[in-house]
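To start, the structure under review is shown below, and the notes come after it.
All figures in this text were calculated on a predicted structure; none of them were measured in a lab. Note: hydrogens, waters and symmetry copies are ignored here, and every other heavy atom, side chains too, is used. Throughout, residue positions are numbered sequentially from 1 according to the sequence presented.
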Amino acid sequence: MTVVDLDAGARSRAGRTVLLWWYAAYLAAAVAVVLWYLTGLSAAASDRPCGSGDFWCGGGNGSLVVLLVVVGVPVLAGCLAVSWVLLRVALPRVPSAARAGSLAAVAGPVLLVLLGYGLLHVL
């Protein structure tokens with residue numbers, strides 16, 4: 001196994017690149033969910049009666065898209081901001097820049113969910 005010694009700027013760029021690739025994967029997963037919903041779930045949901053509080057029937061085909069845009073985009077931006085801060089903290093402490101980027105990309109959403117859960121219980 002070869003260890004590549006990178007300067008601080010190259011380590012930072014490598015960590016940011018890995019972090020951004022993770023977020024590209026998150027975004028691709030969100031697009032896949034929307035496409036799955038628009039093609040498969042809406043057809044299956046049209047065969048059953050809708051209740052007054054049924055999310056899948058109430059807003060038509062655009063309800064999930066609207067939810068992802070209104071809620072998902074700010075949440076994803078918040079996760080990215082938290083991950084960016086975690087990356088800056090992790091880079092000096094983790095030997096591999098790629099590992100630091102991956103840890104920050106995974107820990108950012110987890111930390112944001114935990115913070116949001118804690119705030120909801122305090123309020």
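Between Pro109 and Tyr26 there is a side-chain heavy-atom pair separated by less than 4.5 Å.
Under the 4.5 Å side-chain heavy-atom criterion for Ile, Leu, Val, Met, Phe, Trp and Tyr, Val106 and Leu86 are members of distinct hydrophobic clusters. In the hydrophobic clustering of this structure, Leu27 does not group with Val110; members are Ile, Leu, Val, Met, Phe, Trp, Tyr whose side-chain heavy atoms approach within less than 4.5 Å, directly or through other members. Linking Ile, Leu, Val, Met, Phe, Trp and Tyr whenever their side-chain heavy atoms come within less than 4.5 Å leaves Leu115 and Val89 in two separate clusters. Leu20 and Leu87 fall within the same hydrophobic cluster, where Ile, Leu, Val, Met, Phe, Trp and Tyr residues are linked whenever their side-chain heavy atoms come under 4.5 Å apart, directly or through other members. Trp84 and Leu91 end up in the same hydrophobic cluster when Ile, Leu, Val, Met, Phe, Trp and Tyr side chains are linked at under 4.5 Å.
We find the CG-CG distance between Leu112 and Leu80 to be 11.0 Å, quoted to the nearest 0.5 Å.
Between Arg16 and Ser12, the side chains place a donor N or O and an acceptor N or O closer than 3.5 Å (distance only, hydrogens not considered).
Considering every non-hydrogen atom in both Ala105 and Ser83, the closest pair reads CA-OG, 3.8 Å. The two residues Val18 and Gly101 make their nearest non-hydrogen contact at CG1-C, 4.0 Å.
No donor-acceptor distance shorter than 3.5 angstrom exists from the side chain of Tyr23 to the backbone of Leu76, with no hydrogens or angles considered. For Arg11 (side chain) and Pro95 (main-chain N/O), a donor-acceptor pair under 3.5 Å exists by modelled atom type.
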